[in-house]
Amino acid sequence: MSEVEGRVAQPSPTARREARLEVTGLEVRVGRSGPDVVRDVSFAVQAGQVLGLVGESGSGKTTVALALLGHTRRGLSITAGQVLLDGTDLLALNPRDLRAARGARVSYVPQDPSSALNPTLRVGTQVREALQVHADVVGNAGDAGDAGDRVAEVMREVYLDPTPELLHRYPHQLSGGQQQRIALAMAFACRPSLIVLDEPTTGLDVSTQRHVLETVRGLCRSYGVAAVYVSHDLAVVSGLVSDVAVMYAGRVVEIGSTARLFGEPVHPYTRGLLGAVPSPERAERLTGIDGQQPRPGRRGDGCSFAARCEYAIDACHTEAPELLTVASRSVRCLRARDIPATRPERLPVTGLFVPAETSVLSVRGVAARYGSTPVLSGIDLEVPPHTCVAVVGESGSGKTTLARCVAGLHSNWTGEITFQGTSLTHGARQRDKSVLRRVQYIFQNPYTSLNPRKTVSQIIDQQLQQLTGLSRRERPVRTADVLQDVSLAPDVLSCYPDQLSGGERQRVAIARALAVEPELLICDEVTSSLDVSVQAVIVELLRRIQSERHLALVFITHNLALVRSIAQSAVVLREGVVAESGPVEQILEHPADPYTRRLVEDVPRLTVIGGLR
């Protein structure tokens, strides 16, 4: 075992060989001399290989991803380091050459393709533009005929049929998976040397996610592209990438081969993340990491993880750890050689699903339309008291439409929906304030569900003022309590949504719903944008509230592994009809419908050495 290596520019033996991308000593600060957001980040990626960049929201993953393109968010500056792509330092290029390199030599695939694609241009035009802008890189592809051939070629590479009908569609006329594959086609159009993928499968169902991941893997190998894949989904990462870099508070704390790092984690933070990954095979209690990540400027002199670490000693609070080479990987921890490289044990979730005689929510023969287009047909659903019913299925299967009908956000439906024995009116505006309080909806996208012109305190206070009888003095106390329940520090009360990470915004949205003490909570993909640790905290929080407050949940998700840890029963939707329903164990272990069997087979599983899940 080697001695301390200090600032390790070559963190992984596998990454040293013929690296196409080499990042050394990368540093990003607030302004030019403010606190560091990212510091001393170094790694390397070979041609045809994918490096996974994982960590909690706010750890600096996206900051590093953008820096690989020589770009930063507003107010930040790259103050040190190199990003060598085929020997050329992208950070040393002048603005003109850097703009020419983006899209041609290095491409970016965003998390949300619906906001990244131009809504006013047809998708064929957008792919063709990527070629025309960089025509000098792709030869004659700027010509109409050659560009058309290349567009058709790259569309087939991402498993889309380049028919005139598809190419003439606008982004909003495509599913989420199709939009993401269009973004991949644009990224690979000029055959770049490096592609940066920032959570590209977060909002996708398991089947679409598998297709997108296979596309990424195949294109990288075919063209010898080096890729950096940013994700909070460790199960997805384990099946895609060759090496993993774990980030915390702006620094890489552990980096090495995927199988060994996930199979025998050394850093306590890596162990904590793995302890929060749900299993599709077993119903286990998910364990989040207590506390919050320190913000830039508040990280102290010692180890930033010390306040949350069960292995911390006095020296951890005063002495900054350097990277050590331990067990064939690099670890930034003072006690790296003292901590056994083992996976954390988790307790099983006990209790069998027993159907109740009464239901909090009853859906009978519901059919819904958007205009003249049918979306749901003959839906039956029962939610017993203080239980969780998961609604799963591919994108476009009608999951969210069903939830919106229950919440009164979609009124074009027929059939009967009753809540606690009382029929619900079709629109939320016609419902009593008591019903609005007791039936709360948490939206999937925290970027659009929170008012950008209000602080967190104002957002929650508005909910309390409208739906409860709490006084002005009582409302701040309730707000502080509910923020603590969702693992948010009091200092976020004065923050606006754009000052928070995606995971923090979603926790604010959950806190807003919980603040009015609902009796039925409709969760529409509420964990899709959360890292695994926060996801575990939220799932265990919902389980506790479900028990303590006798809360009923409708949990819509594409994460079938998560279903096992929170729900007692599940309803599988396919193209607007119920394909299968029953206890979760029956659905996941003995699916009867071929569609359900395919969904279960497509669930990503944590792949590690030693045959562990």
Side-chain angles (χ1 to χ4, degrees), residues 113-114 123 158-161 163 165-166 169-182 201-212 214 280 361-383 389-407 409-417 426 443-444 522-525 528 554-563 567 569-582 584 586-588 590-603:
S114 62
V123 295
V158 297
Y159 301 100
L160 289 174
D161 189 6
T163 61
E165 179 188 3
L166 178 64
R169 289 182 183 176
Y170 291 95
H172 74 274
Q173 296 174 308
L174 304 177
S175 69
Q178 289 174 321
Q179 290 177 349
Q180 195 60 278
R181 279 181 272 187
I182 291 293
T201 63
T202 294
L204 304 181
D205 59 75
V206 289
S207 296
T208 305
Q209 176 179 261
R210 181 177 62 83
H211 290 307
V212 170
E214 289 176 350
L361 177 71
S362 179
V363 177
R364 293 290 185 183
V366 167
R369 293 175 175 269
Y370 283 106
S372 60
T373 304
V375 180
L376 297 174
S377 177
I379 302 297
D380 292 332
L381 173 69
E382 299 290 335
V383 182
V389 176
V391 181
V392 300
E394 292 179 307
S395 298
S397 61
K399 304 187 302 295
T400 295
T401 300
L402 174 61
R404 291 173 63 86
C405 290
V406 173
L409 302 177
H410 181 74
S411 57
N412 188 8
W413 57 269
T414 59
E416 184 180 26
I417 301 177
H426 283 61
F443 295 89
Q444 176 179 358
I522 303 172
C523 305
D524 188 3
E525 301 274 15
S528 64
V554 175
F555 195 84
I556 296 170
T557 183
H558 62 260
N559 188 345
L560 269 71
L562 188 62
V563 167
S569 64
V571 175
V572 183
L573 293 186
R574 180 185 185 185
E575 297 180 352
V577 299
V578 176
E580 189 171 354
S581 64
V584 167
Q586 173 187 317
I587 297 295
L588 295 182
H590 307 288
D593 192 273
Y595 173 73
T596 309
R597 287 198 293 270
R598 179 168 60 82
L599 288 180
V600 173
E601 290 170 356
D602 289 340
V603 174

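By the side chain to side chain donor-acceptor pair (under 3.5 Å) test, Arg597 pairs with no residue at all, sequence neighbours left out. Residues meeting the side-chain contact (heavy atoms from CB on, under 4.5 Å) test with Val363, sequence neighbours left out: Leu361, Val366, Ile379, Leu381, Leu402, Val406, Ile417. The salt bridge (charged side-chain N to carboxylate O under 4.0 Å, His left out) check on Arg369 picks up nothing, with sequence neighbours excluded. Not counting sequence neighbours, Glu601 has no partner by the side-chain contact (heavy atoms from CB on, under 4.5 Å) test. Scanning for ring pair (Phe, Tyr, Trp, His ring centres under 6.0 Å) contacts around His590 gives an empty result, with sequence neighbours left out. Scored by the ring pair (Phe, Tyr, Trp, His ring centres under 6.0 Å) test, Phe443 finds Tyr441 as partners (sequence neighbours excluded). With sequence neighbours left out, the side-chain contact (heavy atoms from CB on, under 4.5 Å) criterion links Thr163 to Asp161, Glu165, Leu166. In this structure Gln586 satisfies the side chain to side chain donor-acceptor pair (under 3.5 Å) test with no other residue, sequence neighbours excluded.
Of all heavy-atom pairs between Leu376 and Gly398, the closest is CD2-O, 3.5 Å. Residues Thr557 and Glu525 share a closest heavy-atom pair of CA-OE1, 3.4 Å. The minimum heavy-atom distance linking Val584 with Ala567 is given by the pair CG2-O, 3.4 Å. Of all heavy-atom pairs spanning Ala368 and Thr401, the tightest one is CB-CG2, 4.0 Å. Nearest heavy atom pair, residue Ile522 against residue Ala403, reads CG2-CB, 3.6 Å. The minimum heavy-atom distance between Val123 and Pro171, with the atom names listed, is CG1-N, 4.1 Å.
The aromatic rings of His410 and Tyr370 sit tilted, their planes meeting at an angle between 30° and 60°.
Summarising the geometry, atom CG belonging to Asp380 is positioned 5.5 Å from atom CZ belonging to Arg364; distances are rounded to the nearest 0.5 Å. Rounded to the nearest 0.5 Å, atoms CG (Asp524) and CZ (Phe555) are 10.0 Å apart.
Considering only heavy atoms from C-beta on, Leu560 comes within 4.5 Å of Val392 through its side chain. Under the 4.5 Å side-chain criterion, counting only non-hydrogen atoms from C-beta, Tyr595 is in contact with Val572.
Formation of a donor-acceptor pair under 3.5 Å by the Glu416 side chain with backbone atoms of Gly365 is not found in this model.
For residues 394-404, every residue pair satisfying the salt bridge (Lys or Arg N to Asp or Glu O under 4.0 Å) rule, not counting sequence neighbours, is listed here: Glu394-Arg598. Applying the side chain to side chain donor-acceptor pair (under 3.5 Å) test to pairs two or more places apart or on separate chains, those with a residue in residues 573-582 are Glu580-Thr596.
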